[in-house]
Amino acid sequence: RVSTATFVNIDLGEKHSIATGEIYTPTLVHAFSMHSNQHQDSPIQTEVMNTLDVFGLIGREKKIFVVLDAYQVKPTEFDLLAKTYHHFGAIDIVYVLVKLDDLIVIRLNSIGTEFRMLSINDPVSRLFPDRLANLSGRPYKVICLENPPLSFRSSDNHTIGIDIDFIDIIANHQHTVVEYNYTTRPIKVFEPWHGTAIDFATYRITHRDEENDFAPLFLPNQHRWCLAVPKAYSRIMPQQILWLYATDLWMLIVSFIACCIVYTSFFEKCLQKRFPTTYPMVNTSLRILRILLLFLLTGYYTAILSSNLGLSQIPTYPRSLQEFSKTNIPLIVSHPESFQFLLDNPRLMSRTSTWNVTQRYNPTKLALLQLCDLFPYTIQATTKMLGKQLSRHHYHLIEQPVKSSICMSPFRRTSPLLSRFQMYIRRLNEAGIWDHVVRKWTIWNLQAHANDGDTHSTLKLDHFMPVYIVGGFLYLLAVGVFLLEIFTHRITLNTPIIIQAITSSERFSTDLSIFKDTLNVLQSFGLYGKSRKVIVLIDMNHLNQAQINKLKLSYDFVGVIDILYVLEHFNKLYIKVPELGNSSHLVHRSLWATVQQLFPDRLANLSGQPYKVACIENRPLTYRTAKNRIVGIDVDFINIIAKHQRTVVEYKYTKSPIKLFTSWYDDQFDLATYRVKHEGFAYPFMPIYFPNQFRWCLAVPRRYVRVIHRQLVWPYRCNAWVLISTIVAFFIFYRLVFKERLYRYFPDAFPIINTPLQILRIMLLFLLTEYYTAKLTAILGLSEVPMYPKTLAEFARSPIPLIVSQLSEYQYVLDNPEVHSKTIEWNFTAKYDPSGLALLQLCDLFPFTIGETTYHLGQRLSHHHYHLIDEPISTSICLSPFRKTSPRLERFQLYVTRLNEAGIWNHLMSKWMMKGGHMSPSLKMHERQSLNSSILQQLHFVPVYVIAGYLYIVAVIIFILEQMVSRLPQRFE
């Protein structure tokens, strides 16, 4: 039922029926018979080999049906036929035994030891299962040699390397293992060619068009040859020593030294004799100043000198092939004629020496050819064979290959694993696994051989000079901190545990007195917003239960949660602590209870007790969306903290700040997200410090200048323009004067000279205009040069005026007379043109605040119209209010600090500043406009119009010149 175009019938016994060329055979049906092959010595092996050879099935995955006459073929012959096919790599094969009334379908198992019965109704997946996806532990047998880092022997006698890891990954995919046979040198494999002792070898052989006894396996890396040149440096130590300090600083140092010498030689003795009482004060201060200046100057000098240690040696060796061709470094090669780049460059060939293996050389003066990928591992062996072993640190590898050749590894021809193995190599290489393994072994080996470097990479004593200086600073700072702690400890009490003993009821006569006493304890020991442990000792003989309850409520109201009540009644002690989740209720604890039971961590799990937060319209920190949801950076950040403490947050939104914490009893809110400038005043709340602070930056309007005509001159340099002008002058002279005379006096030589000149003129004109247009197109973006200042120094020199609302608050403006002279005081009743004014904006919120600022000035502009100079001119610490009687402040501040250190705040800033879905609609509109501005417009083709205009003008001039030249002979006649 198949057409003749898809069916090929070949009788292997008749040579004329065998088609010439390669036959593509996805499925082969082999009708086997012993009658036609009885006259041969090994009829079965011969027929199998002929079949596989004709259809090119050796080492390939093909489906084969072998049809046999069950009555003619003996069982021994059938067994030999099946094992012969299996030996030569035919694994997807089914045998059909034909009987009079039945068909028997069988195949060998995966290891080729026994037959399995199949049914004629079985699907293809059962007839031809994927045997190569799961090799069931049948190992790959691989030969490898000493070739680090691809394959080598480790110190514990294991074969490791890049090839080993890569092959193990493939074997793991096929559910098998690899057996490695290690040799120090390559050995001859596949003898005979159909032997099964080895599957493949990791040797790299240069690919040539010749027949081999093996199939080629192409691993990802190839042979790339690069030049390795010896490193050479030029030392500039004297200049480096003087670079560190500027001239005016050297003058100041010399002046201090001169003053110290004059004081020690003359004034010190006079001061000691005439003013003995004043001498200790003056002399001690001067000596301290001298020691401090000497310490600071030498410290800074040594630190800068150590940081610039690398500048003491400037490399003078070539870093590219072009630079190498201009040097005089000789090159040594074993076979110069095999490298085409030497044959193409006679200058390089003239200084290339042929390596004589019997002769000794000095490799420190020679350039060598090395394999680019294996350079750190082969350079030592190469230099040792030359005459002196050197490490990779003595050479610089020019990573421009001078020769590349495809290399292959030998794989057994009769193995059916080749095509699947090559597919795995290709897929893993495309996925980047080969590059990952190469990076892993390259870094590991280079670290393992780090001691092979030269002495310049070894740490010396002078390298630790900055450490001594830093150590001195740290010791000095430690002494200062120690003294400061002693001084501070005398002023404030750092009390981790407070014990309050109540032995009389005189101070607890009224509820107000109980609350006042509680506040005095908190204020004396600084317990506001802190989680300190408080132990209250109560004599039950002097206080009744009602007073104890009032005391408990007072401590609970002012935020003391880590509290322990010890009650003494008739010489017995009773311990009570607030219940977890319900601090107003006390529970009993045993005298033998642990510290964890007495003071549990109540702030780690708030059990759903919410934070109550006040927030305002302050994009992108907090604002209300169109769906009446409160979102922003602060909201996400506080929600993360609340989730850590297993609670939620209740937000109250207002467009402007409301007054909070007006009294001690105000517990409506826990905190607010308002930012208040820290000015050192006494606040009715405790400060909480969010990561962002007030940083004010300058926003200057963007301005550009077009340089179309200057741009037209840029593509060629002055010497190129001189050459072009010379050529143009020559052709004009030739056309006007020399051409006519050449034609008149030398008519035979005229065609020989004139035709090449015309071709040369056309070729030069074409090449010059093409290069000119290409260069001009490449620098189209330079037609608009930004003219606005990008730093504060450039802004001070620019004429752009600055508008400020409160001039006296910005020290930068007061300290710079140039800026102060062009600063305008903002009159809120007047209207301004913001496109010509510089503004002060919060650095972090610039894209969100610039629109409102310019709107109040007189015209709303987006952040695309301004450039933010990211150099803060003013920075002030800002705080947010937190309820004074809340015990959560210290833990909340800890979470803020830890999350900021973990980068969560910066992540939220990036999310809300960059994601268009969470930005204001005005910003999304400006983003769309910026996308349109990146599309080619008619304005971008102005240089093309200018060039066309120039060409038309030149064409007109040439036309006029030709008319004049053609009429000149007529006038003379």
Side-chain angles (χ1 to χ4, degrees), residues 320-326 336-352 400-404 707-780 782-783 936 940-973:
S320 64
L321 291 178
Q322 292 78 9
E323 294 178 4
F324 176 77
S325 62
K326 298 176 183 178
E337 66 277 1
S338 63
F339 295 92
Q340 189 63 34
F341 85 105
L342 293 176
L343 302 177
D344 296 340
N345 196 329
R347 184 177 177 183
L348 279 179
M349 181 62 84
S350 63
R351 51 191 173 98
T352 300
Q400 295 173 256
V402 299
K403 181 182 178 181
S404 297
V707 289
I708 297 295
H709 292 282
R710 286 170 54 192
Q711 187 187 13
L712 296 177
V713 183
W714 288 343
Y716 290 155
R717 295 197 177 190
C718 294
N719 52 3
W721 282 115
V722 171
L723 178 62
I724 294 170
S725 302
T726 305
I727 295 173
V728 171
F730 168 76
F731 278 107
I732 292 173
F733 174 78
Y734 171 79
R735 181 68 181 269
L736 296 178
V737 179
F738 192 75
K739 182 179 178 181
E740 186 67 26
R741 297 191 178 186
L742 181 65
Y743 180 77
R744 182 180 301 176
Y745 296 110
F746 304 96
D748 297 331
F750 175 80
I752 300 174
I753 298 175
N754 183 69
T755 303
L757 284 177
Q758 294 298 328
I759 295 173
L760 177 62
R761 184 189 66 177
I762 295 172
M763 186 179 297
L764 286 175
L765 179 62
F766 177 79
L767 290 177
L768 289 174
T769 53
E770 283 294 318
Y771 280 122
Y772 186 88
T773 309
K775 280 285 185 182
L776 189 62
T777 306
I779 57 175
L780 269 178
L782 300 178
S783 59
L936 282 177
H940 296 155
F941 290 89
V942 170
V944 181
Y945 304 146
V946 176
I947 293 174
Y950 284 162
L951 292 177
Y952 278 118
I953 293 173
V954 172
V956 172
I957 294 174
I958 292 174
F959 176 77
I960 295 172
L961 286 175
E962 286 182 349
Q963 293 295 324
M964 292 175 61
V965 172
S966 64
R967 292 182 181 180
L968 280 175
Q970 296 177 3
R971 289 195 174 184
F972 288 124
E973 289 176 358

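Hydrogens, waters and symmetry mates are skipped; everything else that's a heavy atom, side chains included, is used.
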### Nearest heavy atoms of Asn345 and Ser325, plus distance in Å
ND2-CB, 4.3 Å
### Query
Which heavy atom of Pro751 sits nearest a heavy atom of Thr755, and at what distance?
O-OG1, 3.0 Å
## Note on the structure
Residue set satisfying side-chain contact (heavy atoms from CB on, under 4.5 Å) with Gln400, at least two apart, ordered chain then number -> Ser320, Leu321, Gln322, Ile398
#### Entry: Residues forming a side-chain contact (heavy atoms from CB on, under 4.5 Å) with Ile762, sequence neighbours excluded
none
### Message
Using the ring pair (Phe, Tyr, Trp, His ring centres under 6.0 Å) criterion, which residues pair with Phe750? Sequence neighbours excluded.
### Response
Tyr743
### Message
Test of understanding: with side-chain hydrogen bond (donor to acceptor under 3.5 Å, both in side chains), list the residues that count as partners of Arg351, not counting sequence neighbours.
### Response
none
### Query
Any side-chain heavy atom of Met349 sitting closer than 4.5 Å to one from Pro336?
yes
### Summary
By side-chain hydrogen bond (donor to acceptor under 3.5 Å, both in side chains), Glu337 pairs with (sequence neighbours left out) none
Name the atoms and distances for all side-chain donor-acceptor pairs under 3.5 Å in residues 722-737, with sequence neighbours left out.
unit_1 : atom_1 : unit_2 : atom_2 : d
Ser725 : OG     : Trp721 : O      : 2.8
Thr726 : OG1    : Val722 : O      : 2.7
Tyr734 : OH     : Asn754 : OD1    : 2.7

